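Quantities reported herein were computed from a predicted structural model and do not represent experimental measurements. Quick note on labels: first sequence line is chain A, next is B, and so on, each numbered from 1.
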There are 2 protein chains.
Amino acid sequence: MSTMRDVARKAGVSPMTVSRVLSAPNLVHPATRERVLTAMDEMHYVPKQVTKVSSSEVRSIALVVADFTNPFFTQIARGVEWVARRHGYGMTLHNTGEDPEREWESLIAIRETRASGVIWVPCGDTSSMSARILLDADVPTVLVDRLIPGVPSFDAVISDNRIGAKAIVSTLLANHRQPIVAVMGQTVTSVVRDRLLGLQDALADHHQTFDPNNVVYCDPIHPKDVLWSEIRPRVPSGGAVFAWNQIAASAVFRAAKQANVHPPEDVMIATFDNPDPYGITPGFFVVAQQDPYKMGTESANLLLRRLNQPNDPLKSTLILPVSVHVGSQSESPRSIVLEPS
Amino acid sequence: MSTMRDVARKAGVSPMTVSRVLSAPNLVHPATRERVLTAMDEMHYVPKQVTKVSSSEVRSIALVVADFTNPFFTQIARGVEWVARRHGYGMTLHNTGEDPEREWESLIAIRETRASGVIWVPCGDTSSMSARILLDADVPTVLVDRLIPGVPSFDAVISDNRIGAKAIVSTLLANHRQPIVAVMGQTVTSVVRDRLLGLQDALADHHQTFDPNNVVYCDPIHPKDVLWSEIRPRVPSGGAVFAWNQIAASAVFRAAKQANVHPPEDVMIATFDNPDPYGITPGFFVVAQQDPYKMGTESANLLLRRLNQPNDPLKSTLILPVSVHVGSQSESPRSIVLEPS
DNA sequence: GTGAAAGCGCTAACAG
DNA sequence: CTGTTAGCGCTTTCAC
């Protein structure tokens with residue numbers, strides 16, 4: 001692989017001139033520049049920009065998500081990418097698979113990559129260990145979707161999960177759908193915590209008590225069909241299931257159908273995020289819609305702000321509203337107006 | 001940000017010893033090692049591994065896809081990641097959005113990253129320009145899903161698109177579903193070309209001629225609803241639509257429903273890739289199933305092989321079989337056995 | 001406009 | 001086991 005020296009020799013100039021052709025072309029005589037450029041072409045010269053360790057970094061943002069198989073996270077990615085591109089940054093996507101160990105490895109790798117900054121969906125509360133990697137190396141970081149308790153040192157963008165969950169459950173209760181079984185991811189995250197709090201809020205409003213037995217925990221990435229055997233005994237006809245995300249909701253839906261239980265009459269399925277973006281499936285009647293794309297753009301904006309003002313001590317947490325839609329997706333849905341928390 | 005020298009000074013050793021603690025710890029006296037390690041901790045030392053330009057590279061594979069919003073590609077990503085991890089490699093995902101310009105930029109960025117190798121879903125035939133980036137820099141590369149005509153220099157893993165398309169169309173014809181309108185991505189790719197060839201093969205088998213007017217081209221990422229106005233005039237009741245992928249199929253499905261056309265009676269929708277992984281939607285009756293996860297693992301395997309034998313002149317193209325399923329997803333589908341091409 | 005010298009952070013190669 | 005020297009590919013500084 002040819003180096004700057006090689007090009008310089010071929011063009012009959014010093015390595016310095018070659019360097020300048022790359023970084024400050026207008027300081028080089030046009031004729032010389034041409035000679036250098038053709039030399040580069042002929043030798044297939046590839047600058048190893050990485051070496052300029054001391055100088056400018058790589059203008060690139062690393063986005064670390066829990067599961068890039070989940071459309072929710074790829075929508076966030078689209079948002080981040082869009083803003084990044086507009087500001088001349090590239091973006092790389094990294095998957096942790098909800099696994100703290102992979103998360104650790106990814107962050108180490110990213111740190112060595114010298115990315116300009118990181119936008120991060122942490123696996124869960126245990127991610128406070130991995131947070132040290134970023135904190136110690138002073139990597140500008142923004143959390144999305146989930147917070148890490150005890151680590152207030154990052155900017156963050158999340159949804160108003162508590163209010164969203166409360167609205168969902170209130171709607172179910174108002175429609176006399178009971179009992180309500182909640183299906184949550186078994187990872188300990190702020191998202192699950194907040195949605196359970198919202199559930200309790202709604203129950204409390206209706207003077208009902210919260211029964212922990214009515215919460216079923218599932219694998220956050222592959223909920224499988226296993227679920228139904230756990231859910232069924234708790235949901236007689238006329239009840240409802242509150243799924244924490246679109247993957248779980250779809251799994252519940254399929255499991256129900258296989259068990260010959262038909263939503264929405266037999267059981268009403270409510271969920272965060274629309275599991276049916278094409279509106280081709282009847283049966284989902286209460287959906288709390290986040291705006292993952294916006295979560296992406298906003299977190300990228302926060303990161304860019306921090307890249308420009310690295311020493312601003314003020315950390316901000318942006319809480320985006322959730323909109324709740326009632327009615328079959330094929331009909332035009334009615335929306336519920338929510339008071340911000 | 002502290003450097004090796006700083007750590008060395010603090011620990012009272014030479015920079016070399018610090019370096020060794022990182023790369024060959026057992027060559028350093030345990031006591032010294034401890035001192036160095038604590039010094040590192042205290043100073044929050046972060047090694048800039050990137051600098052070792054001349055020595056070992058970053059053990060990481062870059063996967064470049066056309067649209068990470070499409071589950072098909074994230075399944076490929078899962079496959080790649082799995083194999084990469086097993087061999088001690090990291091993986092980064094890069095999105096081109098089917099845009100040759102973004103593709104160009106991504107590949108440049110990746111090249112400077114000094115990734116060990118690249119697995120790449122090229123945007124289309126125009127990607128031959130971008131291919132030069134990789135070829136000139138001698139980056140080990142494997143193509144997935146799509147080939148680039150005129151660039152035989154890469155290993156590749158693709159599906160048997162022609163046979164799959166032929167099987168789909170033959171099935172439709174056997175069920176007397178006509179006319180058949182094909183909905184294809186408007187990007188010029190080997191995938192679309194091969195699937196159209198398969199369509200023609202099937203028609204020829206039934207002594208029918210291929211009418212280019214019966215092909216509708218749509219945006220490969222956001223097919224929108226616009227489609228239906230183009231499709232409708234060409235598909236009277238009893239006809240069929242052959243969608244080139246799951247995104248297009250879902251769009252067609254929704255458009256049909258909005259126009260009060262009901263699959264599968266009014267129109268039969270056949271497609272590559274199951275647009276309904278949860279089996280909750282009735283109406284898709286012929287589905288050509290690729291194995292994106294396997295495409296990922298196989299391409300990663302090819303890449304690893306090449307990383308170990310960089311000079312093997314033999315390039316291989318792996319063509320994976322496609323399985324065609326007939327019948328509603330909610331019923332147990334019958335499979336058709338296909339002869340490999 | 002151009003070049004020579006010095007140095008970025010780190011690691012092979014050779015002493016000791 | 002540890003340190004010295006030299007050099008990776010490139011850029012900054014300061015000459016000319």
Side-chain angles (χ1 to χ4, degrees), chain A residues 1-40 43-59 108-116 136-139, chain B residues 1-40 43-59 108-116 136-139:
Chain A
M1 197 179 230
S2 51
T3 116
M4 223 165 188
R5 254 216 249 314
D6 302 331
V7 178
R9 188 160 30 228
K10 179 146 195 165
V13 294
S14 85
M16 199 49 241
T17 306
V18 180
S19 171
R20 264 191 281 256
V21 169
L22 260 16
S23 41
N26 44 331
L27 295 184
V28 178
H29 190 92
T32 332
R33 192 174 19 183
E34 267 321 304
R35 279 211 324 276
V36 172
L37 283 173
T38 46
M40 281 180 174
M43 314 193 65
H44 299 321
Y45 168 68
V46 175
K48 294 200 215 280
Q49 309 254 31
V50 206
T51 326
K52 27 176 194 174
V53 174
S54 33
S55 51
S56 64
E57 16 100 86
V58 192
R59 280 178 61 104
I108 294 270
I110 290 168
R111 185 189 59 183
E112 302 198 335
T113 277
R114 296 242 135 7
S116 318
D136 290 351
D138 275 325
V139 182
Chain B
M1 200 176 233
S2 53
T3 116
M4 223 165 189
R5 255 217 247 315
D6 303 330
V7 177
R9 189 163 25 234
K10 179 146 196 165
V13 293
S14 86
M16 197 54 237
T17 306
V18 180
S19 170
R20 265 192 279 256
V21 169
L22 258 17
S23 42
N26 44 332
L27 294 184
V28 178
H29 190 91
T32 329
R33 194 179 2 178
E34 269 321 307
R35 275 208 331 260
V36 172
L37 284 173
T38 46
M40 282 181 175
M43 314 191 66
H44 298 323
Y45 170 67
V46 175
K48 294 197 213 272
Q49 307 255 31
V50 206
T51 326
K52 24 178 194 172
V53 175
S54 35
S55 52
S56 65
E57 18 98 86
V58 193
R59 282 181 57 106
I108 294 270
I110 290 167
R111 185 189 60 184
E112 302 196 338
T113 276
R114 295 245 137 358
S116 317
D136 290 350
D138 274 325
V139 182

Please pick, from [options], the nucleotide with the shortest atom-to-atom distance to any side-chain atom of [X].
{"X": "Thr3(B)", "options": "dT2(D), dC10(C), dG1(C)", "result": "dC10(C)"}
{"X": "Ser19(B)", "options": "dC1(D), dT2(C), dT11(C)", "result": "dT11(C)"}
{"X": "Thr17(B)", "options": "dG3(D), dT11(D), dG9(C)", "result": "dG3(D)"}
{"X": "Met16(A)", "options": "dT2(C), dT12(D), dA13(C)", "result": "dT12(D)"}
{"X": "Met4(B)", "options": "dC10(C), dT2(C), dA5(C)", "result": "dC10(C)"}

CE of Met4(A) to OG1 of Thr17(A): how many Å apart, nearest 0.5 Å?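 Result: 9.5 Å between the selected atoms.
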OG1 on Thr3(B) to CZ on Arg9(B), rounded to 0.5 Å: 7.5 Å
Atom of [X], atom of [Y] and distance for their closest heavy-atom approach:
{"X": "Arg5(B)", "Y": "Pro15(B)", "value": "CG-CG, 4.1 Å"}
{"X": "Val7(A)", "Y": "Ala39(A)", "value": "CG1-CB, 3.9 Å"}
{"X": "Val28(A)", "Y": "Arg33(A)", "value": "CG1-N, 3.8 Å"}

With a 4.0 Å limit, can you tell me whether Ser14(B) has a side-chain N or O closer than that to the phosphate oxygens OP1/OP2 of dT4(D)? no
Counting only side-chain N and O atoms of Thr32(B), is one of them less than 4.0 Å from OP1 or OP2 of dC1(D)? no
Strictly under 3.5 Å: I want the nitrogen or oxygen pairs between protein and nucleotides 14-16 of chain C, one per line.
none

How about Met40(B) and Val18(B): do any of their side-chain heavy atoms sit closer than 4.5 Å? yes
Grab the [atom1]-[atom2] distance between [X] and [N] for me, whole Å please.
{"X": "Arg9(A)", "N": "dC10(D)", "atom1": "CZ", "atom2": "P", "answer": "13 Å"}
{"X": "Arg5(B)", "N": "dG3(D)", "atom1": "CZ", "atom2": "P", "answer": "14 Å"}
{"X": "Leu27(A)", "N": "dG3(C)", "atom1": "CG", "atom2": "C1'", "answer": "14 Å"}
{"X": "Asn26(A)", "N": "dT2(C)", "atom1": "CG", "atom2": "C1'", "answer": "15 Å"}

Using a heavy-atom cut-off of 4.0 Å across all strands, would you classify Val18(A) as base, sugar-phosphate, or nothing? nothing
